[in-house]
Amino acid sequence: MHTTIPQITLNDGLVIPAIGFGTYDLRGASGVQAMTSAIDMGYRLLDSAFNYENEGAVGEAVRRSAVSRDQLFLTSKLPGRHHQYDKAIYTIQESLYRTKLDYYDLFLIHWPNPKTDLYVEAWQALIDAKKWGLIRSIGVCNFLPEHLDRLKKETGVLPSINQVELHPFFSQKEQLAYDKENGIVTESWSPLGRANNVLENETIQQIAKAHGKTISQVILRWHTQLGALPIPKSSSPQRQKENLEIFDFQLTEEQMQQISGLTRVDGRIADQDPAVYEEF
Ligand SMILES: NC(=O)C1=CN([C@@H]2O[C@H](COP(=O)(O)OP(=O)(O)OC[C@H]3O[C@@H](n4cnc5c(N)ncnc54)[C@H](OP(=O)(O)O)[C@@H]3O)[C@@H](O)[C@H]2O)C=CC1
Ligand SMILES: O=C(O)C(=O)[C@@H](O)[C@H](O)C(=O)CO
């Protein structure tokens with residue numbers, strides 16, 4: 001039997017599962033297999049990107065699964081090299097052709113690329129693509145408060161989602177507070193620290209023991225109790241299942257504080273500060 005996944009209502013009224021499935025590095029036939037398995041395990045939200053070169057695999061997994069399209073919540077992302085308005089529109093259309101589907105539930109700007117400074121133009125393209133029915137909800141990734149303030153000022157439309165790096169070594173207290181205050185749901189990318197040594201952390205290990213859970217389950221539970229939406233990736237059916245079984249226990253306030261206390265100024269996985277980093 002599947003774990004029942006709670007749901008979150010976005011600022012545009014759309015309802016989204018409280019945990020999703022990351023697909024970075026899942027491609028080709030093995031990627032389709034991993035995604036089909038994730039849907040079978042109970043995941044309904046799949047997170048892809050134009051740059052992951054796996055939108056075709058996402059479409060194939062959807063067609064192979066026993067779950068109907070309208071029960072799934074599919075996400076993709078606009079790469080930095082296509083922020084110009086016309087290019088952004090073509091990219092969203094191309095992204096759909098790759099899946100052989102006719103709409104995305106969510107489309108995100110992948111990185112703000114502030115030096116290139118075309119993200120407001122890209123945002124306008126997402127706003128229009130939503131009006132035309134290509135996308136049901138629009139959001140961003142890696143946007144700092146200064147970038148979000150600018151979208152609000154120049155278009156009057158704030159994203160439904162801001163997908164940011166978030167894990168115990170980089171707990172994003174200020175960004176979470178800003179997003180919440182502005183009605184934006186924070187999604188956590190690399191919620192398990194991309195399997196770095198956070199998965200061997202002694203503090204989290206002790207908490208996991210106390211609950212009879214694994215370290216990964218405690219970390220993912222911490223995300224949901226912070227109000228964030230984690231999108232763990234796993235190629236293994238067993239770990240996919242493990243990562244969903246997080247809604248039958250509760251961390252105490254003290255345990256939440258202990259995990260959040262592991263954050264470090266240099267806790268990012270890579271050198272990707274969105275204030276300066278550009279990805280195309
Ligand atoms: N918007 C953005 O800029 C970004 C978005 N993302 C999105 O976020 C998703 C998740 O982030 P990602 O970087 O993949 O990293 P995750 O934090 O999800 O970690 C994935 C790694 O953890 C391993 N793993 C998964 N579950 C377990 C478990 N229960 N126990 C032990 N190891 C486990 C996986 O191995 P295995 O597969 O062998 O199980 C894999 O090596 C991405 O797939 C992508 O969709 C990621 C980066 C940037
Ligand atoms: O995976 C993504 O969505 C990215 O944006 C990449 O930057 C990823 O974080 C990466 O590390 C690529 O080397």
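Nothing here was measured: the structure is a model prediction, and the numbers come from that model. Atoms within each ligand, like the ligands themselves, are counted from 1 in listed order.
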Within the protein, residues bringing a heavy atom under 4.0 Å of ligand 1, chain by chain
G22, T23, Y24, D47, Y52, K77, H110, W111, C141, N142, Q163, W189, S190, P191, L192, G193, R194, A195, L199, S216, I231, P232, K233, S234, S235, R239, E242, N243
With a 6.0 Å cut-off on the ring centroids, do H83 and Y119 count as close?
no
S137 and S160: side-chain donor and acceptor closer than 3.5 Å?
yes
Whether the Q175 and T186 side chains hold a donor-acceptor pair (N or O, under 3.5 Å, no angle test) is what I'd like checked.
no
Starting from L199, can I reach L166 by hopping between I/L/V/M/F/W/Y residues whose side chains sit under 4.5 Å apart?
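Same hydrophobic cluster.
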With Q163, which of N142, T75, D47 fulfils side-chain hydrogen bond (donor to acceptor under 3.5 Å, both in side chains)?
D47
From the options T99, D25, T23, select the one residue that forms a side-chain hydrogen bond (donor to acceptor under 3.5 Å, both in side chains) with N54.
T23
With heavy-atom distances below 4.0 Å as the criterion, list the atoms of ligand 2 near [X].
X: R194; answer: 1 (O), 8 (C), 9 (O), 10 (C), 11 (O)
X: Y52; answer: 1 (O), 2 (C), 3 (O)
X: H110; answer: 2 (C), 3 (O), 4 (C), 5 (O)

E165 to ligand 2, any heavy atom closer than 4.0 Å
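No.
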[X] side chain to [Y] main-chain N or O, any donor-acceptor pair under 3.5 Å?
X: R81; Y: F280; answer: yes
X: N201; Y: I204; answer: yes
X: H223; Y: P191; answer: yes

When you measure from atom 12 (C) of ligand 2 to every protein heavy atom, which one gives the shortest distance, and what is it?
Y24 OH, 3.3 Å
Look at atom 7 (O) of ligand 2 and say which protein heavy atom is nearest, naming residue and atom and giving the distance to 0.1 Å.
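Scanning the protein heavy atoms, the shortest distance from atom 7 (O) of ligand 2 goes to E279 OE1, 2.4 Å.
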If you measure every N or O of K77 against every N or O of ligand 2, does any of those distances drop under 3.5 Å?
no
